[in-house]
Structures are given as C-alpha cells and as structure tokens.
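Structure record follows, encoded as structure tokens.
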Amino acid sequence: MVAFGVVVGFPLLTALALEHITSAHSIVFIGLLPLATATFGVLRGGERPRPAFWVFSGFGSALVAGYALVQGRGGSVVGDMLMLAAIVVCGLGYAEGGRLSRKLGGWQVISWALVLSMPVMAPLSLYAMPPSWAGVGHAAWLGLAYVSLFSMLIGFVFWYRGLSQGGIAAVGQLQLLQPFFGLTLAAALLGETVGWPMVAVTAAVVLCVAGAKRFAS
C-alpha cells in the first residue's frame, strides 16, 4: 500500500493532472493532504482525534473543493479529479507508512516500498523512454535527480519517523507548509502567475489545518 500510494500512485496521478492544470493550481489541492492523512490514520492507525479536529479539517477541505469548482482559469475537471485521486492515495501511503514505521523504522519502510515497486516501474520506464535524450535539458535532469533522491527517499526517512513518533493525524498537519512553498516555487522557477484568490484560499486552508492540529489528540 505504501508503494502504491507514494511511489506509483501520487507521482503518476499528479503528473497526469499537470497535463491539464498548472502547477500553481494543483498546489491548492495539497491543502487536502492533512485531512486525507488523518482519515487514514484513523482507519489504519487506530488514532482518535477530538471532534473539533474534524470540524477544522472538514471546513478546510470544503474551501479547497469550492475553489476547485469555481476557479476557471488554469483548471479542468479532468485535472482536478486526477489531483483528488492523487491526494487520496497519498494520504493512504502516508498513514500506512507511518504505521509500519513504528515496527520497521522510517528508512526501512520507504526502501522496501521502492524495491517492491520496481517490477512495475522498471517496465513502465522502459516503455515511456524517449527515443532520444537530445531534447532533455539540464533543468529536467536536475529535477529528476531531486525527485529521485530527496522526494522519494531521504525526505521519507524523516517523514515516516516523524509520523510514527508524533502521531499520524498530528504530524500530518505539518503539510500545511507545502502550499506556501509550492506557490513560491511555481512563481519563482516556472514563472506561473499566482493570483490573490489562490493565495487567499491557501491561507484559509492553512488556518483551518492549524486549528485541526491543536485538536489532533
């Protein structure tokens, strides 16, 4: 389930979504990750946050869903649905990894997830391999190296250890920082426009998740 959620599912679904929406638009959906992680923390990890936790998390999720419905520019139904699916499988992978880390350890969980996904990912990589590397620029290679080393390995070592020690629902709320970093990078590195409605929704979601974190246990 960890391999399905964070190694195959989330990267593949977000990549497909980004064919239809901008990266800045997709970042708004990251505001749903704390709720998805906490939900699977209850279902898979046996955690029991207080009722106020679900009030804050539910309101934040409603803000994100409402924004996705009314935002026209930079969005599409297909892209939004793919991002929602990505959030669900990622929340499952986070919660399951946090639960397993209590027994196996953080680096062991992500390492085994990468090994178990190899029989699926290797053939797909060969199938999707471009006929020529000439059109692949330095920025693309650096991006691939960063994703491979940090996003898919080193980052998970600390993330799963934190989830196992501090609680899946509580620590999962730290993902509220991702929209801020994501919007900044989308504007700085990709030159995408970040409008005030997107920033306002992201800020509101962050406040909701901060409230949820207070009542996570």
Side-chain angles (χ1 to χ4, degrees), residues 1-15 17 26-27 29-50 53-54 56-57 60-61 83-122 124-125 143-182 185 205-206 208-210 212-217:
M1 281 191 283
V2 174
F4 168 74
V6 303
V7 181
V8 181
F10 182 74
L12 178 61
L13 290 170
T14 51
S26 70
I27 289 167
F29 286 86
I30 301 301
L32 288 170
L33 256 179
L35 177 60
T37 304
T39 300
F40 284 110
V42 171
L43 296 176
R44 299 292 302 168
E47 298 186 357
R48 292 294 181 269
R50 285 182 278 177
F53 170 89
W54 299 110
F56 281 105
S57 294
S61 301
M83 278 304 303
L84 286 174
I87 295 303
V88 171
V89 298
C90 188
L92 171 62
Y94 281 173
E96 190 67 21
R99 186 179 71 88
L100 289 175
S101 294
R102 296 168 184 166
K103 300 178 180 180
L104 303 180
W107 72 267
Q108 292 93 332
V109 169
I110 188 57
S111 296
W112 275 113
L114 292 171
V115 170
L116 292 174
S117 65
M118 191 178 298
V120 175
M121 301 301 289
L124 288 176
S125 298
L144 177 62
Y146 175 84
V147 170
S148 303
L149 184 60
F150 292 97
S151 296
M152 295 307 303
L153 182 60
I154 296 176
F156 272 107
V157 173
F158 298 100
W159 179 241
Y160 279 149
R161 184 173 178 83
L163 289 175
S164 65
Q165 291 186 346
I168 296 170
V171 176
Q173 305 307 304
L174 292 177
Q175 296 166 104
L176 63 88
L177 297 174
Q178 286 184 275
F180 280 129
F181 289 128
L185 292 173
V205 169
V206 166
C208 290
V209 177
K213 186 177 184 300
R214 181 178 180 182
F215 299 99
S217 60

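The analysis underlying the following values was restricted to heavy atoms, covering all of them including side chains, and did not include hydrogens, waters or symmetry mates.
- When all heavy atoms are compared, the tightest approach of Val8 to Ser117 is CG2-CB, 4.1 Å.
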| Checking ring-ring contact (aromatic ring centres under 6.0 Å, His included) for the pair Trp159/Tyr94: CA distance, chi angles, key distance, verdict? | CA-CA 9 Å; Trp159 179 241; Tyr94 281 173; 5.4 Å; yes
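- The side-chain contact (heavy atoms from CB on, under 4.5 Å) test applied to Val115 returns Trp112, not counting sequence neighbours.
- If you take CD1 on Ile168 and CZ on Arg99, they are separated by 8.0 Å, rounding to the nearest 0.5 Å.
- Contact annotation: the side chain of Leu35 approaches that of Thr39 to within less than 4.5 Å [non-hydrogen atoms, C-beta and beyond].
- Here the OG-CG distance, from Ser151 to Leu144, works out to 10.5 Å after rounding to the nearest 0.5 Å.
- Within 6.0 Å of the CH2 atom in Trp54, the count of heavy atoms belonging to other residues, nucleotides or ligands exceeds 12.
- The line from CZ of Phe29 to SG of Cys90 is 14.5 Å long, rounded to the nearest 0.5 Å.
- For the pair Ala17 and Met83, the tightest heavy-atom approach, listed with the atom from each and the gap, is CB-CG, 3.7 Å.
- Rounded to the nearest 0.5 Å, atoms CD1 (Ile110) and OG (Ser101) are 9.0 Å apart.
- Residues Arg102 and Gln165 are not in side-chain contact: their nearest non-hydrogen atoms beyond the backbone lie 4.5 Å or more apart.
- The CH2 atom of Trp107 sits 14.0 Å away from atom CD1 of Ile154, with the distance rounded to the nearest 0.5 Å.
- Pairing each heavy atom of Met121 with each of Val7, the nearest pair is CE-O, 4.2 Å.
- The one candidate from Val171, Leu100, Val6 that meets the side chain to side chain contact (heavy atoms under 4.5 Å, CB included) condition with Tyr160 is Val6.
- Of the candidates Val157, Leu104, Leu163, Leu114, Val109 forms a side chain to side chain contact (heavy atoms under 4.5 Å, CB included) with just one, namely Leu104.
- Annotation: side-chain hydrogen bond (donor to acceptor under 3.5 Å, both in side chains) contacts of Arg161 (sequence neighbours excluded): none.
- Between Thr14 and Ala86 the shortest heavy-atom distance is CG2-CB, 3.7 Å.
- Closest non-hydrogen pair, Ala38 versus Phe53, comes out as CB-CZ, 3.2 Å.
- For the atom pair CG (Leu12) and CG (Leu124), the distance works out to 8.0 Å, reported to the nearest 0.5 Å.
- Shown here for Gly41 and Ala95, the closest heavy-atom pair between the two residues is N-CB, 3.7 Å.
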